[in-house]
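If you read the sequence from its start, that first residue is 1, and numbering goes on from there.
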Amino acid sequence: QVHLVESGGGLVQAGGSLGLSCAASGSIIAIYIMDWFRQAPGKQRELVARVLGDGSTVYAESVKGRFFISRDASENTVYLQMNSLKPEDTAVYYCAATMEVIPGTTQNYWGQGTQVTVSL
């Protein structure tokens with residue numbers, strides 16, 4: 001019924017840039033929060049960046065100044081521009097959305113994840 005579809009992952013050398021995109025579709029009443037998380041092997045999933053409906057953003061300290069999140073509200077799409085990539089950025093990146101699908105109810109939805117690998 002509701003889907004989050006990611007694209008843009010891949011291989012990049014340290015210092016390079018990569019852009020991720022995630023589009024939400026389905027019978028969505030409203031999207032309140034859109035997030036990017038990442039999870040490296042053996043590590044907990046961590047919040048990378050968040051954008052709220054008012055346009056405010058939150059970044060993990062480790063990516064602040066390098067990563068930038070933006071949202072296309074009309075297309076229900078969230079983007080993550082990653083610059084000055086480091087090997088420690090290597091992870092599976094997931095988009096997530098807090099959405100109202102059933103009236104009066106919010107629920108978190110997740111994309112399938114996309115691999116980002118940063119080589120030396």
Side-chain angles (χ1 to χ4, degrees):
Q1 182 181 347
V2 176
H3 304 277
L4 294 171
V5 180
E6 299 163 308
S7 63
L11 305 175
V12 64
Q13 290 186 339
S17 298
L18 201 63
L20 305 181
S21 177
C22 177
S25 62
S27 300
I28 302 168
I29 297 172
I31 301 176
Y32 298 106
I33 303 169
M34 299 192 82
D35 298 325
W36 286 99
F37 286 79
R38 68 185 181 188
Q39 187 167 25
K43 305 292 184 181
Q44 287 192 335
R45 188 172 297 184
E46 65 172 339
L47 178 67
V48 176
R50 167 173 290 172
V51 59
L52 287 82
D54 65 358
S56 61
T57 58
V58 177
Y59 295 95
E61 287 295 326
S62 60
V63 307
K64 195 172 296 182
R66 300 188 297 120
F67 291 11
F68 302 92
I69 189 171
S70 60
R71 178 180 170 182
D72 184 335
S74 65
E75 297 182 2
N76 294 334
T77 302
V78 63
Y79 305 91
L80 184 67
Q81 180 62 44
M82 303 182 291
N83 301 316
S84 301
L85 283 161
K86 305 174 180 179
E88 51 262 46
D89 295 319
T90 295
V92 178
Y93 283 70
Y94 299 88
C95 68
T98 302
M99 297 189 281
E100 184 175 357
V101 175
I102 301 171
T105 302
T106 59
Q107 187 172 345
N108 295 327
Y109 294 84
W110 292 84
Q112 78 285 355
T114 185
Q115 177 70 46
V116 173
T117 301
V118 184
S119 64
L120 291 171

Taking side chain as C-beta onward, heavy atoms only, is [X] less than 4.5 Å from [Y]?
| X | Y | value |
| --- | --- | --- |
| Gln107 | Met99 | no |
| Ile28 | His3 | no |
| Val78 | Val51 | yes |
| Trp36 | Val63 | no |

Kindly compute the distance separating [atom1] ([X]) from [atom2] ([Y]), expressed to the nearest 0.5 Å.
| X | Y | atom1 | atom2 | answer |
| --- | --- | --- | --- | --- |
| Ile29 | Thr106 | CD1 | OG1 | 11.0 Å |
| Tyr93 | Met82 | OH | CE | 5.5 Å |
| Leu4 | Thr77 | CG | OG1 | 10.0 Å |
| Tyr79 | Ser70 | OH | OG | 7.0 Å |
| Glu100 | Ser27 | CD | OG | 12.5 Å |
| Met34 | Thr57 | CE | OG1 | 14.5 Å |

Distance-minimising heavy-atom pair for [X] and [Y]:
| X | Y | answer |
| --- | --- | --- |
| Lys43 | Gln39 | O-NE2, 3.1 Å |
| Leu18 | Gly8 | CG-O, 3.5 Å |
| Val92 | Gln115 | CG2-OE1, 3.3 Å |
| Ala49 | Leu80 | CB-CD1, 4.1 Å |
| Ser17 | Gln81 | CB-NE2, 3.8 Å |
| Gly53 | Arg71 | CA-NH1, 3.8 Å |

Under 3.5 Å donor-acceptor, [X] side chain and [Y] backbone:
| X | Y | value |
| --- | --- | --- |
| Glu6 | Gly113 | yes |
| Arg66 | Ser84 | yes |
| Thr117 | Leu11 | no |
| Tyr59 | Ile69 | yes |

Original post:
Is it the case that one hydrophobic cluster holds both Tyr109 and Leu20, taking links as side-chain heavy atoms less than 4.5 Å apart, direct or via other members?
Top reply: yes

Original post:
Parallel, tilted or perpendicular for Trp110 and Phe37, by the 30°/60° rule?
Top reply: tilted

**OP:** Let me see the working for Gln112 and Cys95 under side chain to side chain contact (heavy atoms under 4.5 Å, CB included), right down to the final yes or no.
**Re:** CA-CA 8 Å; Gln112 78 285 355; Cys95 68; over 6 Å; no

**OP:** For the pair Val116 and Val118, evaluate side chain to side chain contact (heavy atoms under 4.5 Å, CB included) and give the outcome as yes or no after the intermediate values.
**Re:** CA-CA 7 Å; Val116 173; Val118 184; 4.3 Å; yes

Original post:
Has Arg45 got its NZ or CZ under 6.0 Å from the middle of the six-membered ring of Tyr94, at an angle within 45 degrees of the ring axis?
Top reply: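 That pair qualifies as a cation-pi contact.
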
Subject >> Whether over 12 other heavy atoms sit under 6.0 Å from Glu88 CD >> reply: yes

**OP:** Might you work through the side chain to side chain contact (heavy atoms under 4.5 Å, CB included) test for Gln13 and Leu120, ending with a clear yes or no?
**Re:** CA-CA 6 Å; Gln13 290 186 339; Leu120 291 171; over 6 Å; no

